[in-house]
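No hydrogens, no waters, no symmetry mates; every other heavy atom, side chains included, goes into these values. Residue numbering restarts at 1 for every chain, and letters A, B, ... go by the order of the sequence lines.
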4 protein chains.
Amino acid sequence: MTEKQLRIVNAAMEVFVEKGYSGSSTSEIAAKAGVAEGTIFRHYKTKKDLLFSIVTPIVAKLVAPFVMKDFYRVLDAPYSTYESFLRAVLRNRIDFIHKHLPALRIFLQEIPFQEELREPFKDMVAANIIPRLRNVAERFQAQGSLRVDFPPESIVRLTMTNILGFLLARYFLLPEYAWDDEAEIERTIDFIIHGLGAPRA
Amino acid sequence: MTEKQLRIVNAAMEVFVEKGYSGSSTSEIAAKAGVAEGTIFRHYKTKKDLLFSIVTPIVAKLVAPFVMKDFYRVLDAPYSTYESFLRAVLRNRIDFIHKHLPALRIFLQEIPFQEELREPFKDMVAANIIPRLRNVAERFQAQGSLRVDFPPESIVRLTMTNILGFLLARYFLLPEYAWDDEAEIERTIDFIIHGLGAPRA
Amino acid sequence: MTEKQLRIVNAAMEVFVEKGYSGSSTSEIAAKAGVAEGTIFRHYKTKKDLLFSIVTPIVAKLVAPFVMKDFYRVLDAPYSTYESFLRAVLRNRIDFIHKHLPALRIFLQEIPFQEELREPFKDMVAANIIPRLRNVAERFQAQGSLRVDFPPESIVRLTMTNILGFLLARYFLLPEYAWDDEAEIERTIDFIIHGLGAPRA
Amino acid sequence: MTEKQLRIVNAAMEVFVEKGYSGSSTSEIAAKAGVAEGTIFRHYKTKKDLLFSIVTPIVAKLVAPFVMKDFYRVLDAPYSTYESFLRAVLRNRIDFIHKHLPALRIFLQEIPFQEELREPFKDMVAANIIPRLRNVAERFQAQGSLRVDFPPESIVRLTMTNILGFLLARYFLLPEYAWDDEAEIERTIDFIIHGLGAPRA
DNA sequence: CATGAATGAGCCTTCATTCAT
DNA sequence: CATGAATGAAGGCTCATTCAT
């Protein structure tokens with residue numbers, strides 16, 4: 001990727017984040033990147049190509065850990081409890097967000113409007129992520145460490161809600177708030193474990 | 001509100017939901033509403049006025065129950081437990097969503113791009129909703145029914161995360177899924193109570 | 001057709017004649033018509049629509065006399081000789097050219113580049129005009145007034161060549177030349193008759 | 001002329017024929033020629049230079065036989081009749097077309113739009129070709145083998161019309177048609193001779 | 001009050017041309 | 001000599017908005 005291309009992508013990310021894809025103009029992007037407008041179109045055939053060049057890699061990486069062949073192994077040795085599983089996933093996704101905040105934001109903002117983005121993503125989540133998390137939930141239920149009066153679907157939903165809820169609040173809704181990250185992560189995990197854990201005998 | 005105005009607003013909602021505010025054209029709205037382009041501008045000075053006429057009332061109603069002068073009273077007599085409080089809030093918000101789904105969707109989609117929408121809303125939440133919920137949390141903590149090893153802020157955050165998380169999943173992300181509403185509501189509440197409740201003596 | 005539309009069409013004809021369709025810009029047409037550029041697109045969805053709105057009616061009128069149901073009748077009573085037939089056709093086409101010179105010029109100039117124009121026109125000529133002229137030729141051959149050592153196709157080709165050749169030279173190639181129209185028309189007809197007529201017994 | 005230059009010219013001819021000069025883009029020509037865009041401009045300063053490099057030589061060759069110093073001689077010894085003169089010209093021009101069909105097509109298509117092409121060509125025809133043909137006509141009129149009731153200008157016009165008319169139909173309008181070239185050439189000549197020849201005593 | 005023709009700024013994109021490599 | 005990235009003007013077209021009817 002040439003230096004000029006990098007400037008274009010960075011400028012595009014800035015503008016897309018602020019005004020959304022539809023609200024952004026290629027002329028503004030070009031100006032902010034310090035290149036001629038024509039230069040954008042030498043590298044990206046259309047404005048939409050530019051958007052997708054930013055957002056498609058994100059989708060891939062977003063789901064990457066969940067579609068790994070050895071997803072189970074994550075849990076095997078070191079993470080033998082649901083708690084350690086949660087902690088691993090949460091920290092992994094935090095790292096990911098740190099690296100890709102602006103692109104993620106664009107992804108979130110555009111997913112309602114870009115069918116080419118939404119449908120494959122939905123399919124991917126339905127086909128890969130949900131079933132794998134379900135398996136994990138069932139496994140810990142069988143093992144007696146997660147409550148069995150909830151169906152595994154609800155376990156998965158509530159777990160995801162709280163992980164995503166934390167990430168969203170922390171990085172997108174209130175990034176400026178004085179978060180005590182360590183404490184809040186532990187509280188989130190503690191909360192999930194208390195809410196979903198099997199009752200002590 | 002005249003019949004023509006109603007047709008305009010409904011058409012606008014359809015188009016805004018699908019393409020977003022920036023991606024929609026007043027000509028498409030006019031066509032879908034079956035009125036002349038000029039007619040839109042007779043009722044709404046600008047396209048943005050039209051958006052706000054849809055979205056501002058939503059904001060008001062969205063926060064309404066939390067800014068009521070007698071918000072405390074909600075809890076007094078009938079809702080003497082955190083559980084009944086949760087149940088009341090959740091059901092109330094479900095009713096609300098049922099009535100205003102499209103406008104809410106537009107609100108959610110546009111909030112990243114419309115500063116005039118985002119900032120007042122944020123302020124309102126920060127100034128009114130959060131403190132009131134905080135008070136409720138502290139009250140139940142003092143009363144011994146919510147765990148005290150979490151700061152009230154975390155209680156509020158986790159509670160909101162799970163209420164909003166349920167509503168989002170139920171009505172926006174997976175509206176087609178075969179939800180067992182009653183059961184899932186109860187599970188959500190049960191989960192929160194287990195996760196946040198004070199340990200039994 | 002509104003007055004503004006008329007101004008647009010006239011301006012378009014001027015510009016198309018001079019620079020060809022591809023070489024013309026809608027902004028120049030708008031300027032010459034004294035309207036805003038957007039106005040063009042209110043009346044014609046695309047630049048090509050504008051071209052076709054000028055050129056398609058011409059095609060229809062161009063072939064009109066040959067596809068008339070009573071084409072034969074033209075010859076019956078008054079035109080009982082090939083000579084009077086030629087004279088009728090030639091004068092009729094001259095009138096036509098006088099009325100539609102610029103549009104015709106655009107038609108001629110664009111036909112090599114516009115497949116949507118060329119193919120239907122070719123088909124029309126092949127399916128309607130040629131066969132009818134062929135019939136006429138055969139009829140006068142049978143009647144003994146046209147030479148029979150030429151196949152009717154050649155009769156038709158040579159006749160058309162000379163009619164079109166005169167019209168092209170007169171109105172498109174050398175319109176400024178000091179033509180003696182009456183004399184040249186008669187010479188053209190005389191020439192054709194001498195060239196194609198059956199040898200006097 | 002380098003091999004690359006040849007590829008450029010050939011590609012340009014293909015594209016110009018199909019889309020016309022204005023409708024063609026240097027990038028398409030470069031792609032079709034398999035060279036970089038810049039390479040075109042190394043050999044031809046502008047796109048118009050490229051057009052003229054194709055079309056100007058054609059003009060020269062087009063008029064060449066008529067401007068030869070010994071044009072008269074063509075007629076002297078072997079072609080002592082108007083008929084043999086016609087035959088010589090026609091066959092000579094057919095050879096020429098066979099060699100230069102695409103370039104000729106471009107010439108014909110562009111002449112309405114390129115003043116730099118049209119005006120010199122017109123002047124050349126007016127100054128050289130017409131007068132020489134006129135001389136030929138007058139000569140055969142004087143010699144008693146062409147009719148004298150037509151002014152020589154009409155003789156010239158009708159002769160050119162039929163020669164060009166044949167060539168146009170044969171090579172440009174209906175190249176696919178199953179022509180019997182020999183027969184049609186002879187018919188064309190025969191027709192001209194019959195139409196223009198002096199009446200037998 | 002409703003209409004829809006008219007506007008012209010602005011949009012995305014293409015283009016011929018230049019120039020450093 | 002060839003390349004192809006870069007340019008910025010210009011292209012066709014859309015848009016929100018205005019206003020005479």
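Across the protein-nucleic acid pair, B:Leu51 atom CG and F:dA16 atom P stand 12 Å apart, rounded to whole Å. For the pair C:Lys45 NZ and F:dC15 P, the interatomic distance rounds to 13 Å; values are reported in whole Å. Protein atom NZ of B:Lys47 is 15 Å distant from nucleotide atom P of F:dT18, rounded to whole Å. Rounding to whole angstrom units, NZ of residue B:Lys48 and C1' of F:dA16 are separated by 12 Å. Atom-to-atom, CZ of A:Arg7 to C1' of F:dT7 comes out at 14 Å; the value is rounded to the nearest Å. Here E:dA16 presents its C1' atom at 14 Å from CD of D:Glu28, a figure rounded to the nearest Å. In this entry the distance linking CD1 of B:Ile8 with C1' of E:dC1 reads 12 Å, nearest Å. In this entry the distance linking CG of B:Leu50 with P of F:dT17 reads 10 Å, nearest Å.
Pairing each heavy atom of B:Ser22 with each of A:Gly23, the nearest pair is OG-CA, 3.5 Å. In terms of heavy atoms, D:Phe16 sits closest to D:Gln109 at O-OE1, 3.6 Å. B:Leu117 and B:Phe52 make their closest contact through CD1-CE2, 4.0 Å (heavy atoms, listed as atom of the first residue, atom of the second, distance).
Side-chain nitrogen and oxygen atoms of B:Thr26 include none within less than 4.0 Å of the OP1 or OP2 phosphate oxygen of F:dC15. For C:Ser25 and F:dG11, the shortest distance from a side-chain N or O to OP1 or OP2 is below 4.0 Å.
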Begin from the C-alpha positions of C:Lys19 and C:Glu28 and carry the test salt bridge (charged side-chain N to carboxylate O under 4.0 Å, His left out) through to its verdict.
-> CA-CA 11 Å; C:Lys19 315 195 168 175; C:Glu28 184 179 355; 3.0 Å; yes
From CA spacing to verdict: side chain to side chain contact (heavy atoms under 4.5 Å, CB included), C:Tyr21, C:Gln114 | CA-CA 10 Å; C:Tyr21 171 77; C:Gln114 312 292 343; 3.6 Å; yes
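Across all strands shown, F:dT21 forms a Watson-Crick or G-U wobble pair, both distances under 3.5 Å, with E:dA2. Of the nucleotides present, F:dT7 is the one that pairs with E:dA16 by Watson-Crick or G-U wobble criteria, both distances under 3.5 Å.
A:Ser24 comes within 4.0 angstrom of the backbone, heavy atoms only, and of no base.
The side chain of B:Phe41 lies closest to F:dA16, out of F:dA16, E:dT13, F:dG12.
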Give each protein N/O atom lying under 3.5 Å from an N/O atom of nucleotides 5-9 of chain E, with the pair distance.
{"residue": "E:dA6", "atom": "OP2", "partner": "C:His43", "partner atom": "NE2", "Å": "2.6"}
{"residue": "E:dA6", "atom": "N7", "partner": "C:Arg42", "partner atom": "NE", "Å": "2.9"}
{"residue": "E:dA6", "atom": "N6", "partner": "C:Arg42", "partner atom": "NH2", "Å": "3.4"}
{"residue": "E:dT7", "atom": "OP2", "partner": "C:Ala36", "partner atom": "N", "Å": "3.1"}
{"residue": "E:dT7", "atom": "OP2", "partner": "C:Thr39", "partner atom": "OG1", "Å": "2.5"}

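Inspection of the C:Glu37 and C:Thr26 side chains reveals an N or O donor paired with an N or O acceptor under 3.5 Å.
The cationic atom of D:Lys61 (NZ for Lys, CZ for Arg) does not lie both less than 6.0 Å from the six-membered ring centre of D:Phe96 and within 45° of the ring axis.
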